[in-house]
Amino acid sequence: MIQETLPKVYNPHEVEAKWYKYWEEKCYFHAKVEPGKKPFTIVIPPPNVTGSLHMGHALNNTLQDIVIRKHRMQGDSTLWLPGTDHAGIATQNVVERQLAQEGLTRQDIGREAFIQRTWEWKELYGSRIINQLKRLGASCDWSRERFTMDEGYTKAVRREFVQLYHEGLIYRGNYIVNWCPRCLTAIADIEVEHAEEEGNFYYVKYMIKDSSDYITVATTRPETILGDTAVAVHPEDGRYKELVGLTVIVPIANREVPVIADDYVNPDFGTGALKVTPAHDPHDFEIGERHHLKSISIFTPEGKMNKEAGKYEGMDRFDAREAIIKELQDKDLLIKIEPMKHSVGHCYRCDTIIEPYLSTQWFMRMKPLAEPAIRIVEEGKIAFVPEQWKKTYYDWMYNIRDWCISRQLWWGHQIPAWYCKDCDEIIVTEEAPTHCTKCNSTNLEQDHDVFDTWFSSALWPFATLGWPEETDDLKYFYPTSLLVTSHDIIFFWVARMVMQGLHFMGEKPFDDVYIHALVRDEFGRKMSKSRGNVIDPLDVIEEFGTDALRFTLSSMATPGRDIFLSRERIEGYRNFANKLWNASRFVMMNLEGYEKAEIADSDLETADRWILSRMNHTTMHVDEAIKVYNFAEASRLIYDFFWSDFADWYVELTKPRLYQKESLYTRQIAQNLLVNIMDHTLRLLHPFMPFITEEIWQKIHQVSGNSSVESIVIAPWPKVDASMIDAAAEADMGLIQSVTSSIRSIKAVLGIALTKPVKVLLNTPDENKRDILERDSSYIYELAWVDNLIIGSNILKPEHSAVDVEQGIEIFMPLKGLVDIDEEIRRLERELAKTEADAEKSRRKLANPQFLAKAASAVVDMEQAKLAEFDDKIAKL
RNA sequence: GGGCGCUUAGCUCAGCGGGAGAGCACCUGCCUUACAAGCAGGGGGUCAGUGGUUCAAAUCCACUAGCGCCCACCA
């Protein structure tokens, strides 16, 4: 028997492993190019190969999977393309750390061996996150899995570089970049994280040559004095006008440098005199260019002082700062120290303080690429959801600066540029050249640097589909339909995909961009390992099951606010899964003798028409909610329908029929309805809770012998049957629910056990309502444990009765022998006070002539009906 | 210095122009033959503050306060 095989509590673990394997074996996730059919495509935001599933991934991929599964069920040719990102710095760091445990550095083993080792690492551990995504239930087409450094992708990246170079959109030059002294590479402007920090403003004397006068210069970074090649003042600054053109002595370095005038200087800041260090400040660099100043680098790549620093050579930059302050004090060149807050840049990867550093790098010209990317959003051809993120996108695009794309790393796409050692020619081609195109020399060397990881991920929506080859996939699935990501990578990734998509494909990469929230802990703090407040999705899956986690995340995916995740919330949805389990258990326990039957309209009771109406309403609203990516709303609708309508009321109302208190025929109708409603609801819920819905769906169809397809994954998305939406049935059922709840409430408040049978009298002059109550009186008997129900139009309140009024129906419950009447009097007084307050509010509203004149008539009618009901209730209580 | 978001029950959050909601927590009573991860019932909120628009404001507008995020070269 089924009852024996189904445990009372849903156990997600075996279910989840079983079904994922089944789905993969059946290739349900494999997308086919089917001309004539509508494609629906999402490319996954590729997680780093070093990654381990965190809540952000869990949210991101749950939402994608919901949309994907729905489209698959709708019959679209649905592709969710997965893959991973080689994640230059992150991966290199991991392997370097591994080496460090063996007492080695990457330099010790050399570039080739290091890259080899990193590939080995990738083969071993790179699939971890993929397996975690599978545990999450992600229905990706794994046959199309890509990696940003696989062979085809490498070809795409080379094409990107070479083409942009020949179009003049990529150039190489010696500029100030953000240098990370720990990662030993340049990073892009947006990879620098600024933080307000306590610092000092040091006022330093710069002696004027052959004079005892001096200019006071204020700086936050005295160690850079050693690289100064000028002092700049504003041309209109009266205080310094006469000093322009003179020579001053740079302290400690004792270098003679000019006083120059430049508009950049702000006379109101500091002392109005600026020390110029072209090699270590981007603005100073520009001033240096304008005035043809020398650039003197004083740091090594590691952030130590170099030989230009003289006796400070070899000292760490921050130790040197202290030492130099001391020396300035000793030489009486330091006037004062003022504390000040200033913004300090940190490496986004390792948090090391960034050093502006002069070096030769490759850059991409962004303005020409940004223009079409701005236009496509302005024209509404790419939609951001929520819309407000458009502004963020525009702000960045309008103020875009050139992008430093070269990185001094070993792990990544090595730049396909070769330098002729004989004639200095630069050769940029996709395939390695054999000889110099200018002097024919074979003495060539490839650029040592690799590309910024985002330079390759910018191609993700089309390189993964085969570009630069014109594959069938590319033609069919591009542009993709939707991108799901969080707002922290709008600049890094979204913006650049738009630019490169438009540039290389001539077409936008996606239609919609859905931006979801960041996941924080229950107190709103960022989850971080150091804080110890990380809720690991894999732990949650262990404890509550994947479906509970997914449903939690989906329920909280409302636009506009970050998600503060708490375990309690997850537990609540675990309980929902259990509710589903037990409701289906109930259905299956009562399917004996089930036969599929066509249900005629005349077979339907009020409760049936009501639940079918509610079901279709729910489905309609779920469709609408998903369409606008309101996952929280969709989840709530299904939750409420299933628990509050189906389980709490409908299931109870089918019991008399199932328990054969009536005929076998009505039992069969009830069985069919239950199976149909479960089937429909499970399909509606499947994208959100794929595992439990499959498990139950399979079981129900096994018992009912009723399946037309072999898995819910490919079952059709539930259709709305508008003819089943039945306002009358909903109103009738509402009446029954009101009366039932009232009786239950009276019993509960007066301490009468629900299961204690009572006598109830219902009085109303409304003939229609009496008919409904008569017709469906069995519901009241069943739900409120009434054993004697009298319905009439002229019933007077029996002595010692509890009384209530619901929807104009007087409800009397004789209490004789049941309970002390005083408690009922107190209850009634509370009820009366509340109703009188409500009535008063209504009355005031209706007494206002403005309200009557200006409000919509439906609103006025409603208010009048409300007041009438309140008054009626007051009169009767 | 700009920009954005948030502030609703003890907690986590919906609602975003016409009767203040859910889950958890709390209180009362129930092992009612699907479910105690449950059932029935109940208490609890000047919807951050001030002002405005409107017949009507949690909802729209302005300002204020607090929290959070993003951008910005002021050394």
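Both backbone and side-chain heavy atoms feed into the values below; hydrogens, waters and symmetry mates do not. Chain A is the first sequence line, chain B the second, and so forth, proteins listed ahead of strands; every chain is numbered from 1.
Of the two residues near RNA chain B, A:Asn848 and A:Met556, the one whose nearest nucleotide lies more 5' is A:Met556. With the nearest nucleotide of RNA chain B identified for both A:Asp281 and A:Val9, A:Val9 has the one nearer the 5' end.
Put simply, A:Lys579 has no side-chain N or O that comes within less than 4.0 Å of OP1 or OP2 on B:C35. At B:A34, one or more side-chain N or O atoms of A:Tyr659 fall inside 4.0 Å of OP1 or OP2 (strictly under the cut-off). Phosphate proximity of B:G42 to A:Ser745: present, with a side-chain N or O under 4.0 Å from OP1 or OP2. Taking side-chain N and O atoms only, A:Arg744 has no distance below 4.0 Å to OP1 or OP2 of B:G29. Distances shown here put a side-chain N or O of A:Arg401 below 4.0 Å from the OP1 or OP2 atom of B:A72. Checking the phosphate oxygens (OP1, OP2) of B:U32, no side-chain nitrogen or oxygen of A:Lys756 falls inside 4.0 Å. Phosphate contact (OP1/OP2 of B:A14, side-chain N/O of A:Thr558, threshold under 4.0 Å): present.
If you take CG of A:Leu637 and P of B:G15, they are 11 Å apart, rounded to a whole angstrom. A:Leu754 places its CG atom 6 Å from the C1' atom of B:A40, with the value rounded to the nearest Å.
The nucleotide whose nearest atom lies closest to any side-chain atom of A:Lys8 is, among B:U12, B:A36, B:U32, B:A36. Side-chain atoms of A:Asn578 lie closest to B:C35 of the nucleotides B:C35, B:C74, B:C71. For A:Ala583, the side-chain atoms get nearest to B:A34 when compared with the rest of B:A40, B:C71, B:A34. Distances from the side chain of A:Asn575 to the nucleotides B:A34, B:C74, B:A37 place B:A37 closest. The listed nucleotides are B:U32, B:G42, B:G3; the one nearest the side chain of A:Lys391 is B:G3. Minimum atom distance to the side chain of A:Trp643 is reached by B:C39, of the listed B:G18, B:C74, B:C39.
Interface remark: the A:Tyr264 side chain does form a donor-acceptor pair with the B:C73 base, using a distance-only criterion of under 3.5 Å. A donor and an acceptor atom never sit less than 3.5 Å apart when one is taken from the side chain of A:Glu652 and the other from the base of B:A40.
Taking atom C1' on both nucleotides, B:G49 is separated from B:U8 by 15 Å, rounded to a whole Å. Taking atom C1' in both B:G21 and B:A58, one finds a spacing of 12 Å when rounded to whole Å. If you take atom C1' in B:C6 and the same atom in B:A48, they sit 11 Å apart, rounded to whole Å. The separation of B:C13 from B:A25, taken at their C1' atoms, amounts to 14 Å, rounded to a whole angstrom. Nucleotides B:A20 and B:A9 are separated by 10 Å at their C1' atoms, to the nearest Å. Of the C1' atoms belonging to B:C70 and B:C11, the separation is 29 Å, rounded to the nearest Å. For the C1' atoms, the distance from B:C71 to B:U53 is 33 Å, rounded to whole Å. The gap from the C1' atom of B:G17 to that of B:C55 amounts to 12 Å, rounded to the nearest Å.
A salt bridge links A:Glu355 with A:Arg317: the closest approach of a Lys/Arg side-chain nitrogen to an acidic carboxylate oxygen falls below 4.0 angstrom.
In this structure, the side chain of A:Arg239 does not engage the main chain of A:Ala273 through any donor-acceptor pair within 3.5 Å.
Pairing partner, B:C6: B:G66, with both Watson-Crick or wobble hydrogen-bond distances short of 3.5 Å.
Evaluation of the side chain to side chain contact (heavy atoms under 4.5 Å, CB included) rule for A:Lys8 yields A:Arg585 as partners, not counting sequence neighbours.
In summary, of the residues considered (A:Thr219, A:Asp228, A:Asp281), a side-chain hydrogen bond (donor to acceptor under 3.5 Å, both in side chains) with A:Lys275 occurs for A:Asp228 alone.
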